[in-house]
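This report concerns only the one structure given below.
Here, residue 1 is the first one in the sequence, and each next residue gets the next number. Just so it is clear, the values below take in all heavy atoms, side chains as well, and ignore hydrogens, waters and symmetry mates. Fair warning: this is a prediction, and the values are worked out from it, not measured in the lab.
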Amino acid sequence: MNVRKNKLVSLAALGLVGGLALTACGGGADEGNGGSGASDGGGAAAGGYAELTGNLAGSGASSMQNAQTAWTESFMGLVQAEGGDLTVTYDPTGSGTGREQFLSGQVKFAGTDAALDEEELAASAEQCNGEQAFNLPVYISPIAVVFNLEGVEELNLSAEVIGGMFAGDITTWNDPAIAELNPDADLPDTEVTPVHRSDDSGTTENFTEYLSENAPDAWTHGPIETWPIDGGQSGDGTSGLISTVEGGDGTIGYADASQAGNLGTAAIQVGEEFVPYSSAAAAKSVDVSPREEGREDNDIVVDLDRTTTEAGVYPIVLISYLALCGSYADSAEGEAVKAYASYMISEEGQKVAEENAGSAPISEELRTEAQAAIDGISVG
């Protein structure tokens, strides 16, 4: 198996779409950029959506479902405001299925919590007009360790304890290892019921990568996309896992924090402190991490430092990537992809995701690099 290193929400206020539309119209469709976005990362502010038509389909990571719902709604509002007629859809099939559909040409972009690897990039040229695909970071979010335990809403947990619980070695909630980290908590002797994703999942891969790097003795299965332990409870996609955790007592799972809802959540041990999840703590994790080596300039992948002890960092983070072709044979299709991708990474687009999904906006440096990669896509 190749191992990669690597809140459904409508816009609450139509005024947000309207405000963004006014911004876009201010740029003017007469600027004639064909909807491909501005090289300065302006994206939505650049306008130029009047000529966008047709249907643009993407699929993939369910972790970014809420962000994609907000993005598609707001972007289509901008296009319609300028007289365009483009429909954008995103099917939260899960990262593995999304990549498969992208590489087989069923969709024109994919969202994935595990970046396309070398083998997938090589295979992509067949569907990408002879050019390789590439990855862009568009969504940064903490992975919450969620649980449903009567009378308990918050806990401190270490990587070793989490790994032991998911490996089946820590079997009751009042286990001494949990109690030692939570001396003030009233822990019952309820059975620990770990819940995992039933589908191939980039969230699973990010979660198990954290465990394997920080607690290799407790979690011996390494970083994996497909759950390696037979039996146990599971859920299909992020929403399925959350539903399974909600339906039990003593259940524990892992999911994009935007969908944690009313479940209990764990603060994670980093050095001598316990850090609760937040968008700021997730963004800091990305800031202290280097780029993955050996990739093309337009293929922007972050090598997350899971073992950092820097204060204020939440270490269980996922970066959802946008997989795009380096070339699109159909000009209208290619321009639509470039326009939508530019909107997602723009300051406006990242604000929409933050307000609707609780994600952390990408940095200005990442935005500038990502826009340059989008501008480099050839069409026609």
Seminar exercise, completed: Those residues at least two apart in sequence (or on a different chain) that pass ring-ring contact (aromatic ring centres under 6.0 Å, His included) with Trp173 are Phe147
I'd like to know if the side chain of [X] pairs up with that of [Y] as donor and acceptor (distance under 3.5 Å, no hydrogens or angles considered).
X      : Y      : result
Ser63  : Asp113 : yes
Gln127 : Ser104 : no
Thr93  : Asp91  : no

Summary of ring-ring contact (aromatic ring centres under 6.0 Å, His included) pairs that have at least one residue in [range], sequence neighbours excluded:
range            : answer
residues 187-220 : Phe166-Phe207, His196-Trp227, Phe207-Tyr254, Trp219-His221, Trp219-Trp227
residues 97-138  : Phe109-Tyr340
residues 346-372 : none

Could you list the residues that satisfy side-chain contact (heavy atoms from CB on, under 4.5 Å) with [X], not counting sequence neighbours?
X      : result
Ser243 : none
Asp330 : Ala332, Glu333
Asp236 : Ser198, Asp199
Val275 : Val270, Glu273, Ala281, Tyr314

For this session: Could you walk me through whether Leu86 and Tyr49 pass side-chain contact (heavy atoms from CB on, under 4.5 Å), step by step?
Result: CA-CA 9 Å; Leu86 176 68; Tyr49 298 142; over 6 Å; no
For this session: Could you check Gln65 against Thr238 for side-chain contact (heavy atoms from CB on, under 4.5 Å), going step by step and ending with a plain yes or no?
Result: CA-CA 9 Å; Gln65 177 179 355; Thr238 303; 6.0 Å; no
Exercise. Same hydrophobic cluster for Val288 and Val302, using side-chain heavy-atom links shorter than 4.5 Å among ILVMFWY?
Worked result: no
Exercise. Does Val313 share a hydrophobic cluster with Ile319, counting links as ILVMFWY side-chain heavy atoms below 4.5 Å and allowing steps through other members?
Worked result: no
Exercise. For Thr220, which residues count as a side chain to side chain donor-acceptor pair (under 3.5 Å) partner, sequence neighbours excluded?
Worked result: none
Salt bridge (Lys or Arg N to Asp or Glu O under 4.0 Å) against [X], all qualifying residues, sequence neighbours excluded:
X      : result
Glu160 : none
Asp299 : Arg295
Glu369 : Arg291

Seminar exercise, completed: Correct closest heavy-atom pair for Pro361 and Ile140 would be O-CD1, 4.4 Å
